[in-house]
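Reminder, nothing fancy here: chain letters follow the sequence lines and each chain counts from 1.
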Number of protein chains: 2
Amino acid sequence: MTTPPPGLRERKKQATREALRAAALRLAMEHGLDRVRVEDIADAAGVSPRTYNNYFASREQAIVSAVTADREARIAAAVAARPAGVRLADAVTEAVVEQYTDAGEGGHEALLFITTRPALRHAFLDSTAGIEPPLTAVIAERLDDTGAHTARVLAASVASAVRIALEGWLRPAGAAAGADAGGLVVPSGSLPDQLRAALLPLAPAFDAAERRIQG
Amino acid sequence: MTTPPPGLRERKKQATREALRAAALRLAMEHGLDRVRVEDIADAAGVSPRTYNNYFASREQAIVSAVTADREARIAAAVAARPAGVRLADAVTEAVVEQYTDAGEGGHEALLFITTRPALRHAFLDSTAGIEPPLTAVIAERLDDTGAHTARVLAASVASAVRIALEGWLRPAGAAAGADAGGLVVPSGSLPDQLRAALLPLAPAFDAAERRIQG
DNA sequence: CCGCAAACTTGCGTGCACGCAAGTTTCCTG
DNA sequence: CAGGAAACTTGCGTGCACGCAAGTTTGCGG
């Protein structure tokens with residue numbers, strides 16, 4: 001259903017995309033973010049600059065995607081993998097925490113690099129929006145189809161919460177706190193803690209949605 | 001506290017910004033979106049193209065902001081205006097519906113124009129993110145400071161829900177439905193209905209947050 | 001009323017995103 | 001195994017975003 005043998009075209013495309021990702025990240029880390037032109041990346045991947053742009057709409061996207069590429073699919077899979085018995089809220093929370101705590105192979109240096117440059121950090125935070133579609137799919141599955149876009153709203157909310165958690169986690173390294181002006185400031189714990197804390201307020205919404213179909 | 005008489009500088013800045021907004025929208029509607037160059041807009045507003053770019057990071061942003069400019073502040077104000085007794089979820093929902101149904105003075109033609117061109121529609125949908133900061137502020141006020149970023153998460157979720165509602169509302173005019181592949185499709189009712197429907201799943205989260213501080 | 005510091009505007013230069021219209025490769029069907 | 005359609009790549013051209021380093025305006029003590 002999902003994999004009618006990929007075919008040469010598709011394989012080549014993925015290879016090119018991957019080559020571009022890798023080249024973008026490597027060159028940026030080697031020579032410094034602003035000393036890498038699109039031409040260099042395309043060159044290193046063996047394609048024309050114009051083709052590079054058929055795959056990525058910006059340098060930041062290419063670089064960041066080297067790290068965030070398949071988180072989307074992984075998260076959805078991780079949710080789907082939880083037994084059907086557990087609370088949806090818990091399934092989602094744990095799946096998210098799980099996927100954001102390993103950070104992949106040599107991804108740690110890369111992640112440091114990315115979260116350290118403002119432009120890349122921004123792109124990185126934006127990439128959380130990418131988990132929305134697959135999350136929508138798995139959530140919709142568990143909810144059957146109660147109320148049509150309930151699943152979309154919940155998935156989008158999760159994506160937002162993750163973004164906020166990441167922002168909070170990066171706060172120390174971050175620059176402007178903005179017009180928050182609350183009262184006390186939390187000392188920004190570990191990433192898993194931040195994620196759980198950010199997702200906690202959404203749990204009641206998940207519970208209610210789940211209750212609606214299963215009593 | 002909020003308005004120590006604005007001063008000449010600030011007034012000039014707002015005037016310029018407004019002139020740019022207006023020029024951008026007017027020219028785009030008169031001559032067609034892609035027959036308006038940045039130079040024309042800057043020119044019509046009486047500033048250099050470089051200055052235009054100090055105010056807006058893209059043509060789309062300038063045009064769309066002519067319509068969405070103060071929705072952000074209005075929504076926050078509308079929430080704050082509701083009596084303290086009502087359910088937070090209701091206050092927010094009604095405030096949002098209220099602010100998205102009038103659409104401003106001659107804004108109807110403009111809105112049609114915007115939602116009709118893909119690039120502008122995208123920018124328009126993205127602009128919903130702008131309601132997040134002010135919403136965070138008012139929500140945080142009602143919640144005191146239970147759990148620090150609860151307010152941020154809820155505000156961000158509302159913004160997402162609004163975005164989704166708008167997307168649903170524009171669906172008929174929209175192009176690609178994406179990989180939704182659910183089952184049945186809803187015939188996309190009126191905008192207020194869409195908004196209420198999208199915000200409904202979040203109500204339990206608001207209730208829980210409210211309960212947490214007031215019993 | 002002066003003059004300085006901070007804010008804002010502007011011209012210039014660089015690299016970039018992306019539409020378009022060939023050229024090339026993959027895929028499918030007879 | 002043709003042969004043509006569909007997908008993908010590429011060069012070119014245009015307009016754009018934005019850093020930088022003057023020039024100009026506003027605001028604020030003295």
Side-chain angles (χ1 to χ4, degrees), chain A residues 3-21 23-25 27-28 31-65 117-123 126-127 175-176, chain B residues 3-21 23-25 27-28 31-65 117-123 126-127 175-176:
Chain A
T3 331
L8 178 54
R9 252 237 238 310
E10 199 56 26
R11 248 161 328 120
K12 259 192 171 176
K13 247 175 64 170
Q14 291 309 334
T16 301
R17 170 174 271 104
E18 196 51 41
L20 284 170
R21 274 200 244 273
L25 179 59
L27 291 177
H31 304 307
L33 177 55
D34 37 1
R35 249 173 291 181
V36 175
R37 290 187 301 275
V38 159
E39 192 191 341
D40 305 327
I41 300 175
D43 214 36
V47 295
S48 79
R50 187 59 185 85
T51 290
Y52 151 88
N53 252 11
N54 288 342
Y55 284 87
F56 299 101
S58 77
R59 237 170 43 264
E60 291 72 31
Q61 219 175 94
I63 296 173
V64 164
S65 88
R117 329 292 138 146
L120 293 182
R121 190 172 54 224
H122 191 100
D126 276 356
S127 79
Chain B
T3 333
L8 178 56
R9 246 231 251 295
E10 198 56 27
R11 254 170 313 128
K12 261 192 170 176
K13 248 175 63 171
Q14 291 310 333
T16 301
R17 172 173 270 105
E18 195 51 41
L20 284 170
R21 273 199 245 274
L25 179 60
L27 291 177
H31 305 307
L33 177 55
D34 38 359
R35 250 172 291 180
V36 176
R37 289 187 302 273
V38 159
E39 191 190 341
D40 305 327
I41 300 176
D43 214 37
V47 295
S48 79
R50 187 61 184 82
T51 291
Y52 151 88
N53 252 4
N54 288 343
Y55 284 86
F56 298 101
S58 77
R59 240 171 40 264
E60 290 72 32
Q61 217 175 96
I63 296 173
V64 164
S65 89
R117 329 291 138 150
L120 294 181
R121 189 171 55 221
H122 192 99
D126 277 354
S127 79

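- The side-chain contact (heavy atoms from CB on, under 4.5 Å) test applied to V38(A) returns P49(A), Y52(A), R59(A), not counting sequence neighbours.
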Tabulate atom names and distances for all N/O pairs under 3.5 angstrom spanning the protein and nucleotides 27-30 of chain D.
from: dG27(D); atom 1: OP1; to: L8(B); atom 2: N; distance (Å): 2.7
from: dG27(D); atom 1: OP1; to: R9(B); atom 2: N; distance (Å): 2.6

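- Although no hydrogens or angles enter the test, the distance criterion places no donor-acceptor pair under 3.5 Å between the side chain of N53(B) and the main chain of R50(B).
- F56(A) comes within 4.0 angstrom of nothing in the nucleic acid, heavy atoms only.
- Taking every heavy atom of both residues into account, S65(A) and F56(A) meet most closely at OG-CE2, 3.4 Å.
- Between V36(B) and K12(B), it is V36(B) whose nearest contact on DNA chain D lies nearer the 5' terminus.
- In terms of heavy atoms, L27(B) sits closest to V36(B) at O-CG2, 3.3 Å.
- The stretch residues 37-49 of chain A touches DNA chain D through V47(A), S48(A), each having a heavy atom within less than 4.0 Å of the strand.
- Along DNA chain C, the stretch of nucleotides lying under 4.0 Å from any heavy atom of chain A spans, 5' to 3', dG15(C) to dC27(C).
- Side-chain contact between R9(A) and K13(A) is absent, with no heavy-atom pair separated by less than 4.5 Å.
- Residue contacts shown for Y52(B) are limited to sugar-phosphate atoms, with no base heavy atom under 4.0 Å away.
- In this structure, L25(A) CG and I41(A) CD1 are separated by 10.0 Å, a value rounded to the nearest 0.5 Å.
- Across all their heavy atoms, A42(A) and L20(A) have their closest contact at CA-CD2, 4.3 Å.
- Closest heavy-atom contact between A57(A) and Q61(A): N-OE1, 3.6 Å.
- For the helix from dC1(C)-dG30(D) to dG30(C)-dC1(D), the angle separating the two terminal helix axes comes to 30°, with each axis derived from five pairs and the value rounded to 10°.
- Considering only heavy atoms from C-beta on, V47(B) stays 4.5 Å or farther from N54(B) through its side chain.
- Applying the 6.0 Å contact sphere to CD of Q14(A) captures more than 12 heavy atoms from other residues, nucleotides or ligands.
- A search for side-chain contact (heavy atoms from CB on, under 4.5 Å) contacts involving D43(A) returns nothing, not counting sequence neighbours.
- With a 4.5 Å cut-off on side-chain heavy atoms, E60(A) and I63(A) do not count as touching.
- In this structure, CZ on R35(A) lies 12.0 Å from CG on D40(A), to the nearest 0.5 angstrom.
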